[in-house]
Protein chains: 2
Amino acid sequence: MPNSSPALDEVDHHLLGLLQRDSGRTLRELGDIVALSPSAVKRRIDRYRKHGVIARQVTLLDPIHLPTVLLAVCLVTLERESSRHQQAFRKRLLDATEVQQIYDVSGDWDYVVVLACSGMPHHTEVAHRLFNEAPNVRRYTTLFVLDPVRTSGALPTRAPNT
Amino acid sequence: MPNSSPALDEVDHHLLGLLQRDSGRTLRELGDIVALSPSAVKRRIDRYRKHGVIARQVTLLDPIHLPTVLLAVCLVTLERESSRHQQAFRKRLLDATEVQQIYDVSGDWDYVVVLACSGMPHHTEVAHRLFNEAPNVRRYTTLFVLDPVRTSGALPTRAPNT
DNA sequence: TCTGAAAGTTTTCATCC
DNA sequence: GGATGAAAACTTTCAGA
């Protein structure tokens with residue numbers, strides 16, 4: 001069970017926004033921006049980590065500079081929504097390194113899955129394994145990414161007018 | 001125009017994989033893993049940056065710990081694919097902070113757009129502004145995210161069997 | 001291009017407010 | 001919670017191979 005996070009104040013929202021856009025700044029730079037000492041900034045960041053608000057820090061690569069990368073958005077509907085089958089389907093996806101994103105959604109489809117493969121043969125193999133061979137996929141369609149216009153963004157840490 | 005990247009060797013693939021999963025390691029830790037001195041690791045990372053392979057370093061938040069966040073995947077088809085209208089549509093999306101991801105895709109839809117809003121009223125307002133008020137959106141559908149099973153992943157830096 | 005060491009910064013931590 | 005300052009750790013740079 002995740003820790004219930006204490007309320008975030010203005011400085012927290014500011015810091016989390018800064019960190020989501022660029023995690024390369026030093027504690028001093030962050031402190032200068034939010035008017036706090038480096039150690040005060042550190043204590044806050046340590047708290048976000050402890051409470052799980054911060055999941056992790058990563059380096060994002062530019063797909064444009066990796067010409068072999070073939071991104072695809074797959075829309076999937078399962079045969080039955082029994083918990084057991086859902087779990088099996090999810091596990092299969094989570095175990096595949098090619099699966100960039102998985103969203104369990106409501107609406108016309110059950111899942112949105114973003115695949116990052118190295119070329120079409122790789123994609124075909126992965127899609128076949130994940131979707132055709134799965135016992136409970138009713139239907140799926142693949143939208144190949146022609147241009148990854150934006151591939152990551154920040155999450156809002158609070159309500160819009162707060 | 002982006003620099004054409006020189007070929008990546010084994011160590012490069014290894015390093016880029018490590019950095020994509022966790023950018024918090026020190027040069028020494030990375031060096032221990034790939035059997036290189038800290039300065040050799042640094043020279044390589046500097047090179048990735050210079051060539052644009054590394055886009056940026058960011059902190060990822062856990063949507064589960066931001067209970068107000070409402071994620072949605074929107075599928076959009078435009079009225080006409082004229083370059084001018086495409087550009088206007090893209091600019092609108094790129095200017096909106098709520099737009100997490102934008103994929104220009106082939107297939108049943110023209111664009112896949114991931115929105116991160118703070119609650120349903122916010123989402124409704126954003127979707128209305130981006131899709132209903134746009135002059136060239138023929139149709140769109142919204143898949144609300146019930147569970148963000150996985151929200152980020154690494155890109156493959158090379159072909160699968162290389 | 002690597003290593004290893006020196007110089008410069010940043011992070012960490014103990015202490016006090 | 002926050003500030004400060006000193007110690008530890010890390011990054012950066014550069015000479016030498």
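Reminder, nothing fancy here: chain letters follow the sequence lines and each chain counts from 1.
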Test side-chain contact (heavy atoms from CB on, under 4.5 Å) applied to B/Ala88 - qualifying residues, sequence neighbours left out: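 In terms of side-chain contact (heavy atoms from CB on, under 4.5 Å), with neighbours along the sequence ignored, B/Ala88 is linked to no residue.
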
So, [X] side chain and [Y] main chain: donor-acceptor pair closer than 3.5 Å or not?
X: B/Glu133; Y: B/His128; answer: no
X: B/Asp32; Y: B/Glu29; answer: no
X: B/Ser23; Y: B/Leu19; answer: no

Could you tell me which residues satisfy side chain to side chain donor-acceptor pair (under 3.5 Å) with A/Asn136, sequence neighbours excluded, listed by chain and number?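 Residues passing side chain to side chain donor-acceptor pair (under 3.5 Å) with A/Asn136: none at all.
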
Mind checking what makes side chain to side chain donor-acceptor pair (under 3.5 Å) contact with A/Thr157, not counting sequence neighbours?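 A/Thr157: side chain to side chain donor-acceptor pair (under 3.5 Å) contacts with A/His13.
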
How would you give the extent of chain B contacts on DNA chain D, as first and last nucleotide 5' to 3' within a 4.0 Å heavy-atom cut-off?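 Span of nucleotides near chain B: D/dC10 to D/dT13.
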
Looking for any heavy atom pair under 4.0 Å, which part of the strands does B/Arg47 touch: base, sugar-phosphate only, or nothing?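 No contact.
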
Any ring pair (Phe, Tyr, Trp, His ring centres under 6.0 Å) pairs touching residues 26-50 of chain B, not counting sequence neighbours?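 Pairs touching residues 26-50 of chain B that pass the test: none.
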
Can you tell me if B/His122 and B/Glu98 form a side-chain donor-acceptor pair at under 3.5 Å?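 B/His122 vs B/Glu98: donor-acceptor pair found between side chains.
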
For A/Glu29 and B/Leu36, take the nucleotide of DNA chain C holding the closest heavy atom to each; which residue's nucleotide lies nearer the 5' end?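 With A/Glu29 and B/Leu36 compared, the 5'-side residue is B/Leu36.
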
Where along nucleotides 11-17 of chain C does protein come under 4.0 Å, by heavy atom, of base (B) or sugar-phosphate alone (S), with - for untouched nucleotides? SSB----

